[in-house]
Q: 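If you scroll down you'll find the structure; I have some questions about it.
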Amino acid sequence: MPELPEVETIRRGLGRLLPGKKVLSAECLDSPRSFPNSSSEVDNFLHGASVTTIRRRAKVLLIDFDSNYTLVIHLKMTGQLVFVATDPVYTSASEIQSEASHEASIATSSTDKLAPRFGGGHPTDSLISKLPDRSTRVIIKFTDGSILYFNDQRKFGWMRLMPTISVPEIDFMKRVGPEPLEDSFGAKDFIERIKRRKGTTIKAAILDQTVLAGVGNIYADESLWAAQIHPATHVSDITDKQLSQLLVEIKKVMNLSIAKGGSTDRNYVDAEGKKGSYLQFANVFRREGQPCPRCGATIEKIRVAGRGTHVCPVCQMIQ
DNA sequence: CACTTGACCTGTCCGC
DNA sequence: TGCGGACAGGTCAAGT
């Protein structure tokens, strides 16, 4: 769930909302799991610090403070970061809620199967007014009365406060591959990296974060469909030309998703509590039993690389 | 060493 | 209607 396009959407939202805000307090409701820093670290480097910039690397969000500390956040599958402007600008929160409601009604009108839902089925507009809820893990309050909620149903997500200068030293940061949307990342580099995983399937290879950053299950299935490559194809059986096309499709699919505010499958929302609409444009993901938009064959759901995998059995032929 | 599987969690959905 | 169990997937640790 949050994959690169979702995390990027959140980054852009928080980038509009947070810079300049000064932290009043930070509270972890399931301490220390979701936010294991010591209270002295939080007191010394978060309380009273102001947000400078919001960055993203792979699926990791980075909130920098003028204390030269950074909140490193991984949302894993069900994590949310939702910003709520309470008093003194209560009206702006209301505007956000009505926008979210509008978008949710559009999304719901597409197909029942894809109608995004939230927890127990609450519409998005009720989310903000009901926070905190039982999925809330961390509450960060700012001096102007606004609040940032870190929610995570499944408790896989986490945040850590650490010196900004130490962020690149995190194991994950050292190992993670290049950003697929960087212009400087091209076919040659992609092909070479994929071929390091020649003993496995192409889906496992593009899901490997050390090969390429940010691809998760949704965009793996969608880009492989677009490139007409069966997800279970062994890397050694794919031509350079096909890999080159696959990179084109990965970039296309991710850019489209960012433009649509990401994918809301079950509970992803952006920084303002809004759902993403990309799944309305998905060709295979969660569309098993429906006709392939390209050839009309019935889309199947199979298991590849330990994941539920959506594939057209006709036009994504194993080579 | 390369690769695969299981664990971490909780809410939802399906079948009995 | 209630309940058990399968399933969802990002990442790391453990197993093959």
Q: Find the distance Asp265(A):CG to dC13(B):C1' and express it as a whole number of Å.
A: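 For the pair Asp265(A) CG and dC13(B) C1', the rounded distance is 13 Å.
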Q: Measure CG/Asn267(A) against P/dC13(B) and give the value in whole Å, please.
A: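 Taking CG of Asn267(A) and P of dC13(B), I get 12 Å after rounding.
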Q: For dT11(C), does either OP1 or OP2 sit under 4.0 Å from a side-chain N or O belonging to Lys76(A)?
A: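 So the side chain of Lys76(A) is outside the cut-off, no N or O lying under 4.0 Å from OP1 or OP2 of dT11(C).
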Q: Between the side chains of Lys76(A) and Asp152(A), is the shortest nitrogen-to-carboxylate-oxygen separation below 4.0 Å, so that they form an ion pair?
A: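 No salt bridge links Asp152(A) with Lys76(A).
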Q: Any donor and acceptor pair, going by atom type alone, linking the side chain of Thr9(A) with main-chain N or O of Pro5(A) inside 3.5 Å?
A: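 Such a contact is found between Thr9(A) side chain and Pro5(A) backbone.
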Q: Picking from dG11(B), dC9(B), dG9(C), which would you name as closest to the side chain of Arg33(A)?
A: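 So the nucleotide nearest the side chain must be dC9(B).
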Q: Compare the minimum distances between each of dC12(C), dC9(B), dG9(C) and the side chain of Arg286(A), then state the nucleotide with the smallest one.
A: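 Closest of the options to the side chain of Arg286(A): dG9(C).
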Q: Expressed in angstrom and rounded to an integer, what is the separation of Glu288(A) atom CD from dC7(C) atom C1'?
A: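 From Glu288(A) CD to dC7(C) C1': 12 Å.
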Q: Hey, are Arg193(A) and Asp189(A) close enough for a salt bridge, meaning a charged N less than 4.0 Å from a carboxylate O?
A: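 Between Asp189(A) and Arg193(A) there is a salt bridge, with a charged N closer than 4.0 Å to a carboxylate O.
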Q: I want to verify a distance call: between dT11(C), dG9(C), dT10(B), whose nearest atom is closest to the Lys59(A) side chain?
A: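 In terms of side-chain proximity for Lys59(A), the closest of dT11(C), dG9(C), dT10(B) is dT11(C).
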Q: Within this structure, what is the CD-to-P distance between Gln153(A) and dC8(B), rounded to whole angstrom?
A: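 One finds 19 Å between P of dC8(B) and CD of Gln153(A), rounded.
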Q: Could you walk me through whether Asp30(A) and Ser34(A) satisfy the side chain to side chain donor-acceptor pair (under 3.5 Å) test, starting with their C-alpha distance in whole Å, then the side-chain angles of each, then the deciding distance to 0.1 Å, before giving a yes or no?
A: CA-CA 6 Å; Asp30(A) 67 340; Ser34(A) 297; 2.9 Å; yes
Q: Is Lys301(A) near enough to dA8(C) that one of its side-chain N or O atoms lies under 4.0 angstrom from OP1 or OP2?
A: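 Yes, such a contact exists.
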Q: I need the NE2-P distance between His310(A) and dC7(C), as an integer number of Å.
A: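 For the pair His310(A) NE2 and dC7(C) P, the rounded distance is 13 Å.
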Q: Centres of the Tyr278(A) and Phe285(A) rings: under 6.0 Å?
A: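 Aromatic pair excluded; centres sit 6.0 Å or further apart.
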Q: Are any of Arg175(A)'s side-chain N or O atoms less than 4.0 Å away from OP1 or OP2 of dC12(C)?
A: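 Checking Arg175(A) against dC12(C): at least one side-chain N or O falls below 4.0 Å of OP1 or OP2.
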Q: Respond yes when some side-chain nitrogen or oxygen of Gln209(A) is under 4.0 Å from OP1 or OP2 of dT11(C), and no when none is.
A: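 So the side chain of Gln209(A) is within the cut-off, an N or O lying under 4.0 Å from OP1 or OP2 of dT11(C).
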Q: Does any part of the side chain of Arg12(A), heavy atoms only, come nearer than 4.5 Å to the side chain of Ile54(A), both counted from C-beta?
A: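 SC-SC contact between Ile54(A) and Arg12(A) ruled out.
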Q: Using the P atom in both, what is the distance from dC14(B) to dG9(C), to the nearest Å?
A: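 The answer is 15 Å between these two P atoms.
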Q: Does Arg294(A) make a cation-pi contact with Trp225(A) (under 6.0 Å, within 45 degrees of the axis)?
A: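 Arg294(A) over Trp225(A) ring: yes.
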Q: Counting just side-chain N and O atoms, does Arg307(A) come under 4.0 Å of either OP1 or OP2 of dT11(C)?
A: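 For dT11(C), neither OP1 nor OP2 has a side-chain N or O of Arg307(A) closer than 4.0 Å.
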Q: Around Lys141(A), counting heavy atoms of other residues, nucleotides and ligands shown, do more than 12 lie under 6.0 Å from its NZ?
A: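 No, because the 6.0 Å sphere around NZ of Lys141(A) holds 12 heavy atoms or fewer from other groups.
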Q: Is Phe156(A) stacked against the base of dT11(C), taking the criterion as centroid distance under 5.5 angstrom and interplanar angle under 30°?
A: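 Stack criterion not met.
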Q: So which protein nitrogen or oxygen atoms get under 3.5 Å of nucleotides 14-16 of chain C's nitrogens or oxygens?
A:
none

Q: At their closest point, which heavy atom of Pro291(A) faces which heavy atom of Gly296(A), and how far apart are they?
A: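 Scanning both residues, the minimum pair turns out to be CB-O, 3.7 Å.
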Q: Measure all distances between protein nitrogen or oxygen atoms and nitrogen or oxygen atoms of nucleotides 2-5 of chain B, and list the pairs falling under 3.5 Å.
A:
| residue | atom | partner | partner atom | Å |
| --- | --- | --- | --- | --- |
| dC3(B) | OP1 | Gly199(A) | N | 2.9 |
| dC3(B) | OP2 | Arg197(A) | NE | 3.1 |
| dT4(B) | OP1 | Thr200(A) | OG1 | 3.2 |
| dT4(B) | OP2 | Thr200(A) | OG1 | 2.9 |

Q: Which part of the nucleic acid does Gly308(A) contact within heavy-atom distance under 4.0 Å: base, sugar-phosphate only, or nothing?
A: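 Touches sugar-phosphate only.
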Q: What are the two closest heavy atoms between Ile229(A) and Gln316(A), and how far apart are they?
A: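 Between these two residues, the closest heavy atoms are O-NE2, 3.0 Å.
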Q: Rounded to whole Å, please give me the gap between OH in Tyr268(A) and C1' in dG9(C).
A: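 Checked: the OH to C1' distance equals 17 Å.
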Q: Look at the side chain of Arg154(A) and the base of dG11(B), then say whether one donor and one acceptor between them are separated by less than 3.5 Å.
A: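 Side chain to base: no pair present.
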Q: With the side chain counted from C-beta on, respond yes when His310(A) and Ile302(A) share a heavy-atom pair under 4.5 Å apart, and no when they do not.
A: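 Answer no - side chains too far apart.
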Q: In whole angstrom, what separates Leu4(A)'s CG from dT11(C)'s P?
A: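 Between P of dT11(C) and CG of Leu4(A): 11 Å.
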Q: Do the side chains of Lys59(A) and Glu6(A) get close enough for a salt bridge, i.e. N-O under 4.0 angstrom?
A: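 Not counted as a salt bridge, because no side-chain N and carboxylate O are separated by less than 4.0 Å.
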Q: Does a side-chain N-to-carboxylate-O contact under 4.0 Å join Lys195(A) and Asp240(A)?
A: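 Salt bridge present between Lys195(A) and Asp240(A).
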Q: Calculate the interatomic distance between Ile206(A) atom CD1 and dT11(C) atom C1'; express it in whole Å.
A: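 Atom CD1 in Ile206(A) sits about 17 Å away from atom C1' in dT11(C).
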Q: When the P atoms of dG6(B) and dA6(C) are considered, how many whole Å apart are they?
A: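 Going atom to atom, P in each nucleotide, I get 13 Å.
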Q: Is any side-chain nitrogen or oxygen of His74(A) closer than 4.0 Å to OP1 or OP2 of dT11(C)?
A: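 Answer is yes, contact under 4.0 Å.
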Q: Measuring only the P atom in each nucleotide, how far is dA13(C) from dC9(B)? A whole number of Å is fine.
A: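 15 Å, rounded to whole Å.
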Q: As a check on the pairing definition, encode DNA chain C in dot-bracket form, counting Watson-Crick and G-U wobble pairs whose two distances are under 3.5 Å, and using | for partners outside this strand.
A: .|||||||.|||||||
